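For reference, the structure is listed below as structure tokens.
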Amino acid sequence: MKRPWIGPLAFIVLVFLAFSLPPYLSFTPEDSRLPLDPRYPWHFPLLVGHILFGTVALIACSMQIWPWLRQKRPALHRWTGRVYVLGGVLPAGILGIFVGALAVTPGFSGKAGNVTLAIVWLFVTYRGFRAARAARYAEHRRWMIRSFALCTSIVVNRLWTVLLVVALSPMLDSEFGGDQDALIKQAVEAGIWLSWIVNLLIAEWWIERSRTPKGRRPVKAPAPEAASA
């Protein structure tokens, strides 16, 4: 199956990582793009770990959706899948629960969105991994499509935030009393939820679309008269 969107998607992921990752490779809290809670000195180490393991997950899942790798190099596909689950999603998801709870910028709604995302990501990936171990490959594929959608939600999160800021800007004076920070805060919180829920809905649409081969009509049951003839 040809998937012309894989190349552009991989490019977008690489651009996202090239922009987001470098500040955290210095391991210096002052370079963090995200505000840190000064009450918890371990906030920054948790954040760095989440970002580094999340980078592993993003790169590995971008390889996993490449049909050529799965068809021509199945052993490498399996090993990349193990790296994605055990070296990416598992540590990044667990750390994401704590990092999401400690986040400074969003309020309770945003924190709940990040924590829920981490938990759902861990759950669907576990289901996909267990299905593969049991050789239930069709089920494995469905769960991993969901996992991929959740993994890449961080990439579209920034886009949602920008779109929401633009959409809410006409209401700056009326709804937010001229408070730009309040507007941005609401856009950030809504973007957190939209980024992974919309991705997951698209994944479900893709799964349902793939269940029925293109152009094949469902077989109708015979009429009662024909069945009894």
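The figures that follow rest on heavy atoms only: side chains count, while hydrogens, waters and symmetry mates do not. What you see is a predicted model; the values in this text were computed from it and never measured.
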Response to the item:
Closest non-hydrogen atoms of Ala92 and Gly54, given as atom of the first, atom of the second and distance, are CB-N, 3.6 Å
Worksheet item: Are Leu102 and Leu52 in one and the same hydrophobic cluster, where Ile, Leu, Val, Met, Phe, Trp and Tyr link if side-chain heavy atoms are under 4.5 Å apart?
Response: yes
Worksheet item: Val155 and Leu200: same hydrophobic cluster, using ILVMFWY side-chain contacts below 4.5 Å?
Response: no
Worksheet entry | Spatial distance of atom CD1 (Ile207) from atom CZ (Arg146) [nearest 0.5 Å] | 4.0 Å
Response to the item:
Applied to residues 104-123, the ring pair (Phe, Tyr, Trp, His ring centres under 6.0 Å) test, sequence neighbours excluded, yields Phe123-Trp143
Worksheet item: By side chain to side chain contact (heavy atoms under 4.5 Å, CB included), which residues pair with Tyr24, not counting sequence neighbours?
Response: Ser32, Arg33, Leu34, Phe44, Leu47, Val48, Ile51
Practice prompt. Report yes or no: do Leu46 and Leu21 belong to one cluster of Ile/Leu/Val/Met/Phe/Trp/Tyr joined by side chain heavy-atom distances under 4.5 Å?
Written response: yes
Fill in: Shared hydrophobic cluster for Tyr126 and Tyr84 (ILVMFWY, side-chain gaps under 4.5 Å)
no
Worksheet item: From Leu14 CG over to Phe19 CZ, what is the distance, rounded to the nearest 0.5 angstrom?
Response: 15.5 Å
Response to the item:
Quick note, salt bridge (Lys or Arg N to Asp or Glu O under 4.0 Å) partners involving residues 114-130, not counting sequence neighbours, are Arg127-Glu139
Worksheet entry | Verify same cluster id: Val89, Val99 (apolar side-chain graph, 4.5 Å) | yes
Response to the item:
Applied to residues 184-202, the salt bridge (Lys or Arg N to Asp or Glu O under 4.0 Å) test, sequence neighbours excluded, yields Lys185-Glu189
Practice prompt. Output all residues satisfying side chain to side chain contact (heavy atoms under 4.5 Å, CB included) with Val85, sequence neighbours left out; order by chain, then residue number.
Written response: Thr125, Phe129, Met144
Worksheet item: Sequence neighbours excluded, which residues qualify as ring-ring contact (aromatic ring centres under 6.0 Å, His included) partners of Tyr40?
Response: Trp42
Worksheet item: Is the count of non-hydrogen atoms from other residues, nucleotides or ligands lying under 6.0 Å from Phe176 atom CZ greater than 12?
Response: yes
Worksheet entry | Ala149 backbone acceptor or donor facing Thr152 side chain under 3.5 Å | yes
Worksheet item: Around Phe16, counting heavy atoms of other residues, nucleotides and ligands shown, do more than 12 lie under 6.0 Å from its CZ?
Response: yes
Discussion item. Does anything in residues 89-115 form a side-chain hydrogen bond (donor to acceptor under 3.5 Å, both in side chains)? List the pairs, not counting sequence neighbours.
Written reply: Ser109-Trp193
Worksheet item: Do any pairs count as a salt bridge (Lys or Arg N to Asp or Glu O under 4.0 Å) and have a residue in residues 166-183, sequence neighbours left out, and if so which ones?
Response: none
Worksheet item: How about Arg73: does its CZ atom have over 12 heavy atoms from other parts shown lying under 6.0 Å from it?
Response: no
Worksheet item: Taking only residues two or more places apart in sequence, or in another chain, which ones meet Ser153 in a side chain to side chain contact (heavy atoms under 4.5 Å, CB included)?
Response: Leu117, Ser195, Trp196, Asn199
Report all side-chain donor-acceptor pairs from residues 156-165 shorter than 3.5 Å, counting only partners two or more places apart or in another chain.
residue: Asn157; atom: ND2; partner: Gly191; partner atom: O; Å: 3.4
residue: Thr161; atom: OG1; partner: Asn157; partner atom: O; Å: 3.0

Response to the item:
CZ of Arg136 to CZ of Arg142, rounded to nearest 0.5 Å, is 10.0 Å
Response to the item:
By side chain to side chain contact (heavy atoms under 4.5 Å, CB included), Ile97 pairs with (sequence neighbours left out) Val115, Ala118, Ile119, Leu122
Worksheet item: Quick one: salt bridge (Lys or Arg N to Asp or Glu O under 4.0 Å) pairs with a partner in residues 38-58, sequence neighbours left out?
Response: Asp37-Arg39
